[in-house]
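The chains referred to below are lettered A, B, ... by the order of the sequence lines, with proteins before strands, and numbering in each begins at 1. Only a predicted model underlies this, so the values are computations on that prediction, with no experimental measurement involved.
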2 protein chains.
Amino acid sequence: MEIVKNVSNCKNCAYRSWAFKKLTSDELKLINEKKVEKFYRKGENIYIEGEPVHSFLYLQNGLVKLFKTEPNHKEHIISIAKPKDFIGLLSIFSNKNHTYSITAIEDSIICFIDLDIIKNFIKTNGNFALDFFEKISNLSDSIIKTRVDINTRQLRGRIAYILLFFAQNIYNAKKFNLPISRKEIADLIDMSTENVIRALSEFRKDGLIQIEGKSIEINDIDRLQKIYVLG
Amino acid sequence: MEIVKNVSNCKNCAYRSWAFKKLTSDELKLINEKKVEKFYRKGENIYIEGEPVHSFLYLQNGLVKLFKTEPNHKEHIISIAKPKDFIGLLSIFSNKNHTYSITAIEDSIICFIDLDIIKNFIKTNGNFALDFFEKISNLSDSIIKTRVDINTRQLRGRIAYILLFFAQNIYNAKKFNLPISRKEIADLIDMSTENVIRALSEFRKDGLIQIEGKSIEINDIDRLQKIYVLG
DNA sequence: TATCATTAATGATATATATCATAATATATA
DNA sequence: TATATATTATGATATATATCATTAATGATA
């Protein structure tokens, strides 16, 4: 990790026009002064389970995973945050310590804003408080929806979901490089690594996708969609 | 459903001392005047997926389930709310329509508060806004945690989870009446009804629990706990 | 009470998934 | 570059779960 020197201006930040829309120019100025931008290389931890909560995190660039390590040492990936996402769960507002870990799965630039500053805005700027709440409350619900979508399906449906997720939600392209390993896909959909590999091979043999290592190209997005919907 | 006539006073409500702690006496008075208490019999719908969001719901008494109906007509239960819980997901603040359905699984009394009133409090009472946010943000995270807990385990671990959930979380007793059918347990843990029944029978044969219809008594809570932890 | 519908229970069988083993390939490191 | 290590790939087998079939028990209703 290294602190980014040539910092960006909050005024031009995409987040500003979303959940930070109702901040006054003075408040925005304060954030702009106090925020810290950090650069993480792929594989670096941003923080781990149990560490105290200090900051509100915003992903400027890159890709990160939120995960928990289970008592049996298995890893379970809760979600993947993409650029312009708030990183984390809403529990940063209710818990003193992080209940999950975050690691960069691509080189990432993360903006750290002291949580007390945000809390103070909620307290003193009613318009911001309501707007922020309306925007951010969507986050955890979409994670719950994803978990339901995945867990009500079996192997092939789950793999289809993951492929569509990266193609449509993250890269907006039919061809992309998988940012995570097959094992991480397994940790994300609660299946074994071998079966993830097998399902991908099957999709390749069926002509649904092309695979070359981490590179995936989707040939037939409609059929993939059907496999996902039917489960 | 019927409107409760002999209404309770918000001043003495358990929720008041939790997420509504920072309301002024005037604000509390307003809620007290505007709130509507409704009684639902076991099995009655409170609302269904797609209906517009109007109210903030608080469960005074009883038990309700939140669920979604999948495209393949399967039901998936997201969570069960117990007395003194806010009912629903935080998406009521971000979405115009409900993204899930709610049904009473026991006779229930639900307190309806117009969502605009809550939103106005968030806007005008900073102390309330922050405190409310800190309290309620915990809700969706606990649902996410539950989904992870369930989905990283297999049949026996999931059944152990459900039994411990009702014994420790809902009824605070070793002996209780299951408020839901075996099929609903299956909808909750993403398993088939037959396997839920089989696992319960196994637990009975192993001397872990006693079963008489809906009545369950836990004999060996430590072993049940172990089965849950180990998965 | 008698009848019907739903839920619970259990066995047999089919299917899905996990685990173990081994090899090939890719990636990291000295 | 050479070597070690992790990832990807595939087959064989074991295990877990779903589905189908049947019966018993329970609850609702006329």
### Query
With under 30° as parallel and over 60° as perpendicular, where do the rings of A/Phe166 and A/Tyr171 fit, or are they tilted in between?
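Correct class here is parallel.
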### Task
Give the ring-plane orientation class for A/Tyr100 versus A/Tyr47, where under 30° counts as parallel, over 60° as perpendicular and anything between as tilted.
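Because their plane-to-plane angle lies in the 30° to 60° range, the rings of A/Tyr100 and A/Tyr47 count as tilted.
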### Message
Quick check with a 6.0 Å cut-off and a 45 degree axis cone: is A/Arg156 positioned over the face of A/Phe203's six-membered ring?
### Response
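No, a cation-pi geometry is absent between A/Arg156 and A/Phe203.
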Pair [X] + [Y]: basic N to acidic O under 4.0 Å:
X	Y	value
B/Lys65	B/Glu184	yes
A/Arg147	A/Asp190	yes
A/Asp222	A/Lys226	no
A/Lys42	A/Asp107	no
B/Glu75	B/Lys68	no

### Message
Under 4.0 Å, counting only non-hydrogen atoms across every strand here, what does A/Leu200 touch: a base, just sugar-phosphate, or nothing?
### Response
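It contacts nothing in the nucleic acid.
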### Query
Under 4.0 angstrom, heavy atoms only, what part of the nucleic acid is B/Ser192 near: base, sugar-phosphate, or nothing?
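Counting heavy atoms under 4.0 Å across all strands, the contact made by B/Ser192 includes a base.
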### Task
Whole angstrom is fine here: how far is it from CZ in B/Arg41 over to C1' in D/dA28?
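So the two atoms are 15 Å apart, to the nearest Å.
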### Task
Please report the shortest heavy-atom distance between B/Ala186 and B/Met191, naming the atom on each side.
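Distance-wise, the nearest heavy atoms are CB-O, 3.0 Å.
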### Message
Strictly below 4.0 Å: does A/Arg182 bring a side-chain N or O up to OP1 or OP2 of D/dT7?
### Response
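For D/dT7, neither OP1 nor OP2 has a side-chain N or O of A/Arg182 closer than 4.0 Å.
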### Query
Hey, is the side chain of A/Arg198 poking within less than 4.0 Å of OP1 or OP2 on D/dA9, counting only N and O atoms?
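Negative; the distance criterion is not met.
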### Query
So where does chain B start and stop touching DNA chain C, 5' to 3', when the test is distance under 4.0 Å to a non-hydrogen atom?
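Here the contact window of chain B covers C/dA8 to C/dA12.
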### Message
With the threshold set at under 4.0 Å for non-hydrogen atoms, list the residues of residues 201-218 of chain A touching DNA chain C in residue-number order.
### Response
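Within residues 201-218 of chain A, no residue comes under 4.0 Å of DNA chain C.
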### Query
Atom CZ of B/Arg41 and atom CD of B/Glu106: how far apart are they, to the nearest 0.5 Å?
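The CD atom of B/Glu106 is 13.0 Å from CZ of B/Arg41, to the nearest 0.5 Å.
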### Query
Would A/Phe86 and A/Tyr58 count as a close aromatic pair, with their ring centres under 6.0 Å?
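Ring centres of A/Tyr58 and A/Phe86 not closer than 6.0 Å.
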### Message
For the helix from C/dT1-D/dA30 to C/dA30-D/dT1, what angle separates the axis at the start from the axis at the finish, each from five pairs, in steps of 10°?
### Response
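That helix has its two terminal axes inclined by roughly 50°.
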